[in-house]
Amino acid sequence: MASVRQEYIKAAKALPPRLLSFFHRFPPPALRQGTSSASSTPALPQTLTIAENTSSSDPNAPTENLVSDGPPSSTSGSEYKNPFLPHKHPITGRWHNPVFSLRRQAELVKLAKQHGVEELLPYTTKGTEERTRRREEHGLRVKGTGVGQRVKGKEWERTLKGRLEKRRQAMLQMPGMIQQWKERGHGRGWKKWPK
């Protein structure tokens, strides 16, 4: 336990100030609890934990909906809230935005990845593992790259094949048209002007 903590402290000295301030404000659960049982892959968060007040002493008490990013725990101020996810206030029931926007989350993940401490960050959709999981699950999801799909394209791209075929047919019929032009007296009685 102490050796793991010493390794983290040694690695923290080489971190840029932005990551240091992030870990100072939101220490990883492994370091905050003082245990070395933190896995290198953070588990997906629980989004909603419902705790109902079923006390017989107060039958009119309202129920509370609590949102946490881990296993259910006490509702005291020591409960760890993921700064990358929105959370519901336990008393007012209003949703609070994440502390960090998606852009800043991505920047922090890139910075942590460069310094080898990405596994210490809390769960985020911008994390490398989550992105690879989504890529495997959904694929590229670019329209027109699937089997039997076509990209819409511009109008000139969609009609190009038909126009080239029309030109080819006109060129094949051109000798007959020239002959007809000469027979009719160079334009007299000509109804079909070429385009």
Side-chain angles (χ1 to χ4, degrees), residues 4-5 7-55 58-146:
V4 173
R5 185 173 282 230
E7 289 176 18
Y8 286 149
I9 291 173
K10 184 179 176 184
K13 292 179 182 177
L15 292 179
R18 188 168 181 186
L19 275 177
L20 280 177
S21 65
F22 173 80
F23 286 131
H24 180 70
R25 280 181 68 190
F26 306 100
L31 297 179
R32 191 171 54 84
Q33 296 170 357
T35 61
S36 62
S37 63
S39 63
S40 61
T41 59
L44 292 176
Q46 284 184 336
T47 54
L48 185 62
T49 304
I50 300 175
E52 295 186 20
N53 185 1
T54 57
S55 172
D58 190 7
N60 295 328
T63 60
E64 293 181 357
N65 290 332
L66 303 177
V67 173
S68 65
D69 61 339
S73 62
S74 66
T75 59
S76 65
S78 66
E79 182 179 349
Y80 180 74
K81 290 188 176 71
N82 188 340
F84 294 154
L85 296 176
H87 65 277
K88 199 170 187 179
H89 193 277
I91 297 171
T92 62
R94 305 227 16 201
W95 283 95
H96 291 249
N97 291 331
V99 178
F100 294 93
S101 67
L102 291 174
R103 178 182 60 85
R104 289 188 173 149
Q105 288 178 33
E107 290 172 353
L108 281 170
V109 167
K110 287 177 195 172
L111 202 56
K113 188 176 180 182
Q114 286 176 354
H115 294 280
V117 292
E118 185 182 356
E119 66 272 359
L120 294 178
L121 291 176
Y123 169 80
T124 175
T125 57
K126 299 295 182 179
T128 306
E129 292 179 4
E130 177 63 17
R131 285 188 176 211
T132 55
R133 186 190 68 78
R134 282 189 179 183
R135 176 63 59 90
E136 290 171 0
E137 184 179 333
H138 298 296
L140 286 176
R141 295 206 311 189
V142 176
K143 187 174 180 181
T145 58

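Model, not experiment: these values are computed from the prediction.
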Return the set of residues passing side chain to side chain donor-acceptor pair (under 3.5 Å) with Thr132 (not counting sequence neighbours), or none when no residue passes. none
Specify the closest pair of heavy atoms between Arg94 and His96, including all atoms of both residues, with the distance to one decimal. O-CD2, 3.3 Å
If the plane angle is over 60° it's perpendicular, under 30° parallel, otherwise tilted; pick one for Phe84 and Phe22. parallel
side-chain hydrogen bond (donor to acceptor under 3.5 Å, both in side chains) pairs touching residues 16-31, sequence neighbours excluded, are Arg18-Glu107
Over all atoms of both residues, closest heavy-atom pair of Gly127 and Val109: CA-CG1, 4.1 Å
Determine whether Leu108 and Lys126 make a side-chain contact, defined as any pair of heavy atoms from C-beta on separated by less than 4.5 Å. no
For His115, all residues meeting ring pair (Phe, Tyr, Trp, His ring centres under 6.0 Å), sequence neighbours excluded: none
Which heavy atom in Pro122 sits nearest to a heavy atom in Asn82, and how many Å separate them? CB-OD1, 3.3 Å
Could you pull out all residues at least two apart from Arg131 that satisfy side chain to side chain donor-acceptor pair (under 3.5 Å)? none
Where is the tightest heavy-atom contact between Val117 and Leu15, given as atom of each residue plus distance? CG2-CD2, 3.9 Å
Does Tyr123 have its ring centroid less than 6.0 Å away from the ring centroid of Tyr80? no
Partners of Glu136 by side chain to side chain donor-acceptor pair (under 3.5 Å), sequence neighbours excluded? none
Between Pro98 and Gln105, what is the shortest heavy-atom contact and its length? CB-NE2, 4.4 Å
For Pro86 and Trp95, which heavy atoms make the closest approach, and how far apart are they? O-CZ3, 3.9 Å
Partners meeting side chain to side chain contact (heavy atoms under 4.5 Å, CB included) with Lys113 (sequence neighbours left out): Glu118, Thr128
Do the charged groups of Arg133 and Glu130 touch, with an N to O distance under 4.0 Å? yes
Could you check Lys81 against Val99 for side-chain contact (heavy atoms from CB on, under 4.5 Å), going step by step and ending with a plain yes or no? CA-CA 10 Å; Lys81 290 188 176 71; Val99 178; over 6 Å; no
